[in-house]
Amino acid sequence: MRDIFKEEYARDWKNDVNTVWILTKQHLPRLLAAIVCSILLSSINGSIAWFVKPSVDNLVLLKNKSFLVFLPVGILLLFSLKGFFSFANNFLMSSIGAKIVKSLRKQFFEKMLFLPFSFYARESSGSVISRVMNDVGILESLIANTTKNFFVYSTTVFALGFVALYRNLNLALLSFAIIPLIALVSGRLGRRMKRTSSRTRMLISNVTHIIHEAIAGIRVIKSFTLEKEMSRRNDHSISEHYRNVMREVRINEFTGMFIDIIAGTGIAVLTWYGFYLIVHDRLSLGEFLSFVVAVMMMYDPLKKLSRVNNDFQMIRASLHRIKEIFLAPEEKEGEVEKKELAGDIVFQNVSFQYPDHKDSALEGIDLKIRPGETIAIVGYSGAGKSTLTDLILGFWNDYTGTITIDGTDLKDYSLRNLRSHIGVVSQDIILFDDTVRNNILFGKPSSTNEETIEAAKAAYAHEFIMNMPNGYDTPIGERGVKLSGGQKQRISLARAIIKNPKILILDEATSSLDTDSENKIQKALEGIMPGRTTIIIAHRLSTIQKADRIVVMDRGEIIQQGSHEELFEKGGVYRELYAMQFGLTSSQQPQ
Ligand SMILES: Nc1ncnc2c1ncn2[C@@H]1O[C@H](COP(=O)(O)OP(=O)(O)OP(=O)(O)O)[C@@H](O)[C@H]1O
Ligand SMILES: [Mg+2]
């Protein structure tokens, strides 16, 4: 479903009408039923105008009493039918709108999950959220209303136009002369509408972004008393949005006003000419009134039809913002899938630069990690340690040089397969708004209860989990707000362990843990490292010393490698880091 959608989007996007058509045609039976209702509705409208002549002529001119019965019954019947078809038509079209939105939101979310990091480096979360909520929402009401209006009103205008023409050709032609004028006004304003509307959409995404950031950063806002500053930013962005919305309102209402004026002029001329014909006995009162009713009834649909253009421009603005997401390239990957990995990782002359950054984050990295080896990466903040491990996970693929895993180029792997062999505890620990158990299960959803407990025990998390009010079923809140830093780390360690991965990447959080937590995490690590290739971005003395090898990074390069003793002996960055961290003078050897 998503593939069809994507291909068609890519091919037909240039033509926005076609896109709306592609979206609506998936609900063809409903659409056809709605069109039938529209045609019936417009025929009823036509009949109402049509029957004015026989009614007026029979009642007023001929004083035909039987019409006293016909007339109210006929009116009741026509209006009941009109009500029914109008209901059916609205219902069908709204349901099409709602269905389109449902499937767009579903596909949008799936697409979002497959977008690479480079996408998220460019787009703010607010902009993405606002596209899926606001822009898709706009499509819901507009597609339903605009297409409905278009069908109903154009066929109604057609039916009424026929009645008008039939009643008096000259009068009708005169009245139709104003249509091109209306089209001209609405066309000009429609173009302005599209520009304004895309800007409004962009501005609302700023608003969303600020709200999102405020919620995510509420701790910082409170502790740094940034309430005023954040409110100021918010005020600024909602005011800007407000101004643009008002611009939209003005354009829309101007369209309406101009059309009223043009129509008023037309009506004045027509009334004069109609009565002129009646006075000269060239038109019956019934014919004239039937004509007037037809033209009056055309007025509202015409006015709404002129807005269809504005609406369509709004749809286009939203469609374009949604399109940008759907057409964004997904993560590139190969097809190699391996059931088992040994965990042999080789970097050959790898350099990498973040998009829009001029300095390289990694420069000429050569590194061989043997299966089962534990290496510790150390270096100043910003040295490129996390970046190095992100490359192993295939998060960024526009690096130069080669990375192979078990002899196969990383770019040839299927990303899902590759990532299924890697367990990660990232520096910024992300837990989901769910229970402890489910957060561990995210590592491997098919695990049994015993496996979950085992993983938690291996991560030294079981004990504190059992002390929580509902044990494993305790909800931990958004991003694990209900847990301490060390507890979060241990749960995310359990989540990595339950996967039983061949490659384990641990990016230690720099926040210092108390000795007890540190000991527990240390013990956990010792228990799970054997048999796996482990890369630890280490800050702690204990972890560094347990590693088979220490890799020292500085400004994107590997500058030293070796055992703790060797590196300490040599001096340089390693000894500096060491001294800084453990409060030793640079010549002191730790115990
Ligand atoms: N998503 C990103 N987009 C752009 N630049 C980034 C991104 N992540 C990191 N960088 C830059 O790349 C460089 C290396 O960052 P990296 O996160 O790898 O450092 P690190 O060694 O892990 O540091 P720390 O010890 O503080 O975690 C830094 O200069 C940083 O500014
Ligand atoms: Mg880091």
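Hydrogens, waters and symmetry mates play no part in the numbers below; they use all other heavy atoms, side chains included. Remember, it's 1-based here, ligands and their atoms both numbered in the order they're listed.
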- Could I get the full list of salt bridge (Lys or Arg N to Asp or Glu O under 4.0 Å) partners for Arg247, not counting sequence neighbours? none
- Identify which of Met553, His357, Gln353, Lys385 has a heavy atom lying nearest to atom 24 (P) of ligand 1. Lys385
- Query: On the ring face of Phe442, is Arg495 found with NZ or CZ under 6.0 Å from the centre and within 45° of the axis?
  - Reply: no
- Run the contact test for Gly382 against ligand 1 with a 4.0 Å cut-off on heavy atoms, strictly below, and give the result. yes
- Message: Under 2.8 Å from the Mg ion (ligand 2), which protein N, O or S atoms do you find? Ignore water molecules.
- Response: Ser386 OG, Gln427 OE1
- Message: Is it true that Ser426 and Asp507 share a donor-acceptor pair across their side chains at a distance under 3.5 Å?
- Response: no
- Query: Between Gln353 and Tyr399, do the side chains contain an N or O donor and an N or O acceptor separated by less than 3.5 Å?
  - Reply: no
- Item | Nearest option to atom 2 (C) of ligand 1, as decided by whichever heavy atom of Tyr354, Phe117, Phe352 sits closest | Tyr354
- Would you say ligand 1 has an N or O under 3.5 Å from any N or O of Thr387? yes
- ligand 1 to Ala383 polar contact by distance, N or O atoms, under 3.5 Å: yes
- Query: Taking the six-membered ring where the residue is Trp, are the ring centres of Tyr472 and His462 under 6.0 Å apart?
  - Reply: yes
- Task: Give the atoms of ligand 1, by number and element, whose distance to some non-hydrogen atom of Ser381 is under 4.0 Å.
- Result: 23 (O), 24 (P), 25 (O), 26 (O)
- Item | Close-contact set for ligand 1 against Gln427 heavy atoms, below 4.0 Å | 24 (P), 27 (O)
- Task: Please identify each residue that fulfils salt bridge (Lys or Arg N to Asp or Glu O under 4.0 Å) with Arg131, with sequence neighbours left out.
- Result: Glu123, Glu324
- Task: Give yes or no for whether the N/O distance cutoff of 3.5 Å, strictly under, is met between Ala361 and ligand 1.
- Result: no
Got a list of side-chain donor-acceptor pairs under 3.5 Å for residues 363-372, not counting sequence neighbours?
| residue | atom | partner | partner atom | Å |
| --- | --- | --- | --- | --- |
| Glu363 | OE1 | Ser360 | OG | 3.0 |
| Asp366 | OD1 | Asn349 | N | 2.8 |
| Arg370 | NH2 | Glu373 | OE2 | 3.3 |

- Pair Asn244, Thr200: side-chain N/O donor-acceptor within cut-off below 3.5 Å: yes
- Task: Could you tell me if any non-hydrogen atom of Gly384 lies under 4.0 Å from any atom of ligand 1?
- Result: yes
- For Lys338, does its backbone N or O pair with a side-chain atom of Asn417 as donor and acceptor, under 3.5 Å? yes
- Message: When you measure from the side chain of Lys411 to the backbone of Glu333, do you find a donor-acceptor pair of N or O atoms at a distance under 3.5 Å?
- Response: no
- Query: What atoms of ligand 1 come within less than 4.0 Å of a heavy atom belonging to Ser386?
  - Reply: 17 (O), 18 (O), 20 (P), 22 (O), 27 (O)
- Item | Short side-chain to backbone donor-acceptor contact, Asn439 and Leu431, under 3.5 Å | no
